[in-house]
There are 2 protein chains.
Amino acid sequence: MTDFSIWIIPSFILIIEREMLKYILLGFIWQKPSTGYELKHALDNTTGNFWHAYHSQVYTTLRKLEEEGLIQTFVENGNDHLTRRVCYITEKGKKALVEWLNDPMIEIPKMKEDLLVRVFFSGLRSIPEIEAELRLQKKLHEQQLALYRDARQSIGADKQIAETKTVKLKPNEHNGDMDPTLTRLLQHATFRFGIAYEEMYIHWLDDLIKELKSVESIV
Amino acid sequence: MTDFSIWIIPSFILIIEREMLKYILLGFIWQKPSTGYELKHALDNTTGNFWHAYHSQVYTTLRKLEEEGLIQTFVENGNDHLTRRVCYITEKGKKALVEWLNDPMIEIPKMKEDLLVRVFFSGLRSIPEIEAELRLQKKLHEQQLALYRDARQSIGADKQIAETKTVKLKPNEHNGDMDPTLTRLLQHATFRFGIAYEEMYIHWLDDLIKELKSVESIV
DNA sequence: TTGGCCATGTAAACAGTTACATGATTGC
DNA sequence: GCAATCATGTAACTGTTTACATGGCCAA
């Protein structure tokens with residue numbers, strides 16, 4: 001009559017690690033020991049385009065990383081007055097990042113597009129109102145596109161220098177630290193994504209604006 | 001010597017209303033009084049592609065909408081056994097949705113692209129590993145694209161029938177309820193966005209895979 | 001009898017945002 | 001004297017996700 005139900009072992013399902021910011025910070029710290037402030041700037045200038053975070057979240061996530069032993073931090077005030085807390089990656093931290101990378105994404109994340117929600121229900125609005133919003137969005141996306149193109153140009157200059165060196169990388173093998181040529185290629189690709197995305201967006205907006213204009217003119 | 005600092009009125013900044021799910025539900029309920037279960041399905045089949053929500057969030061958001069007086073709900077068990085709580089939009093709810101729509105988005109939301117984060121730090125991985133992940137992603141995005149194309153075809157059929165009717169809509173004027181022709185046009189456009197997005201994504205993946213192959217072959 | 005669909009919720013944890021809070025240095 | 005930049009954090013809140021929890025109908 002003993003109840004064995006307590007002994008039933010739950011099935012282990014592959015849990016997809018999210019916690020993106022954790023791994024972004026680890027990646028940056030691996031490249032170079034940094035302070036929270038520096039990491040926030042690294043974020044703003046690079047990955048911030050596809051993964052934004054506020055400084056408050058950066059600091060709290062760094063505390064979590066330290067608690068988990070993935071980084072170590074030291075207050076350094078070296079030659080100046082300022083108290084800077086510099087973060088260093090630990091061996092455990094390196095291992096965690098590599099493991100996370102080796103566990104590939106097996107699904108596509110759910111898209112969240114605010115404007116599409118508004119468009120979906122804009123049958124309640126007048127066409128000129130909708131058009132005005134779409135034109136404003138077009139302007140904003142054109143600005144973003146210009147930013148990406150500038151960024152690509154500066155990276156592009158680096159890349160050309162890099163290409164003069166020969167690539168030294170065997171398949172299935174890397175030395176633990178990042179391969180600089182491969183890294184440059186991949187980071188360049190993320191900017192290309194940004195450009196392709198904004199171009200697609202602007203194109204879509206143009207088409208929709210045109211479509212609305214033609215409906216409007218019928219009246 | 002009185003301290004007047006307490007009287008300083010904070011400057012009022014335009015707060016951009018987010019709370020997307022609230023307005024999505026309001027929009028659907030306006031179109032047709034519905035239960036939480038029905039709303040969850042409407043979401044999954046349409047706006048879920050650009051704004052996902054779990055059923056738990058749907059139910060809690062409905063409670064909030066009711067508390068704010070934007071909807072009214074009634075338990076109905078009509079001809080069957082089931083207890084269904086049907087939600088009806090109130091005049092206040094209609095006003096809230098229209099006001100939200102009339103307050104246009106004045107910035108672009110921050111992109112969140114999980115894969116780009118991984119690509120950005122994949123200099124730590126071997127090229128075949130990266131390639132494998134990108135090919136998997138390509139497959140997943142092709143599946144998503146196929147889903148969008150199917151959805152568009154079914155909508156497209158509706159649209160042709162709709163186009164035989166004449167459009168009756170004056171600029172700056174609408175009757176409170178949604179204009180069916182305009183709504184169809186706009187909802188069709190959201191599917192076109194999905195298709196354009198997936199095509200762009202697949203294209204970008206193809207380019208990156210090719211680039212990696214060429215780097216790999218140098219070794 | 002098993003699984004799928006209908007139907008509704010609560011609770012806890014986690015991620016992300018906004019606001020609060022402080023203070024030194026540097027250049028105009 | 002003022003604004004910008006460097007520099008670090010905490011607190012409260014909102015939004016999202018996961019897990020818990022229940023129960024009836026119907027068809028294979």
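Every chain is numbered from 1, with letters handed out A, B, ... down the list of sequences. Basis for what follows: all heavy atoms, side chains included, without hydrogens, waters or symmetry-related copies.
For D/dG9, its base sits under 3.5 Å from the side chain of A/H55 at one donor and acceptor pair at least. Side-chain to base pairing of A/T83 with D/dT8: no donor and acceptor N or O lie closer than 3.5 Å to each other. No donor-acceptor contact under 3.5 Å links the side chain of A/T35 to the base of D/dT8.
In this structure, CG of A/D114 is placed 15 Å from P of C/dG16, rounded to the nearest angstrom. Computed from coordinates, the A/L43 CG to C/dT17 P distance equals 12 Å when rounded to whole Å. A straight line from CG of A/L39 to C1' of D/dT8 spans 13 Å, rounded to a whole angstrom. Rounded to whole Å, the distance from CG on B/L25 to P on D/dG15 is 13 Å. Taking atom CE on A/M20 and atom P on C/dG16, their separation rounds to 9 Å, with Å as the unit. Residue A/E76 contributes atom CD, which lies 18 Å from atom P of D/dC6 at whole-angstrom precision. Rounded to an integer number of Å, the gap from CD of A/E19 to C1' of C/dC14 is 9 Å. Put simply, CZ on A/R84 is 18 Å from P on C/dA24, counting in whole angstrom units.
Under the salt bridge (charged side-chain N to carboxylate O under 4.0 Å, His left out) criterion, A/E113 pairs with no residue, sequence neighbours left out.
Along DNA chain C, the nucleotide closest to A/L21 and the one closest to B/V86 are compared, and the more 5′ of them pairs with B/V86.
If you check every strand for non-hydrogen atoms under 4.0 Å, A/K112 touches sugar and phosphate atoms only. Using a 4.0 Å heavy-atom cutoff across all strands shown, B/K110 reaches no nucleic acid atom at all.
Only one option out of B/I29, B/L70, B/L25 pairs with B/I89 in a side-chain contact (heavy atoms from CB on, under 4.5 Å); it is B/I29. Exactly one residue among B/E211, B/K138, B/R135 makes a side-chain contact (heavy atoms from CB on, under 4.5 Å) with B/D206. That residue is B/K138.
The side chain of B/Y37 has C/dC6 as its nearest neighbour among C/dC6, D/dA11, D/dT18. In the set D/dC6, C/dT18, C/dT10, the nucleotide with an atom closest to the side chain of A/H41 is D/dC6. Among D/dG9, D/dT5, C/dA11, the nucleotide with an atom closest to any side-chain atom of A/R85 is D/dG9. Here the side chain of A/S56 is nearest to one of C/dT17, C/dA7, D/dG15, namely C/dT17.
The six-membered or imidazole ring of B/F121 lies near that of A/F28, with a centre-to-centre distance under 6.0 Å.
Aromatic ring pairs are classed by plane angle as parallel below 30°, tilted from 30° to 60° and perpendicular above 60°; the pair B/Y23 and B/W100 is parallel.
One finds a salt bridge joining B/R63 and B/E66 here, because a Lys/Arg side-chain nitrogen approaches an Asp/Glu carboxylate oxygen to under 4.0 Å. A salt bridge does not link A/E19 to A/K64: none of the charged side-chain nitrogens sits closer than 4.0 Å to a carboxylate oxygen.
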For this session: Show the numbers, then the answer: is there a salt bridge (Lys or Arg N to Asp or Glu O under 4.0 Å) between A/R84 and A/E38?
Result: CA-CA 10 Å; A/R84 291 153 42 86; A/E38 286 166 344; 3.5 Å; yes
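If you check residues 57-68 of chain B against DNA chain C, the residues with a heavy atom closer than 4.0 Å are B/Y59, B/R63, listed by number.
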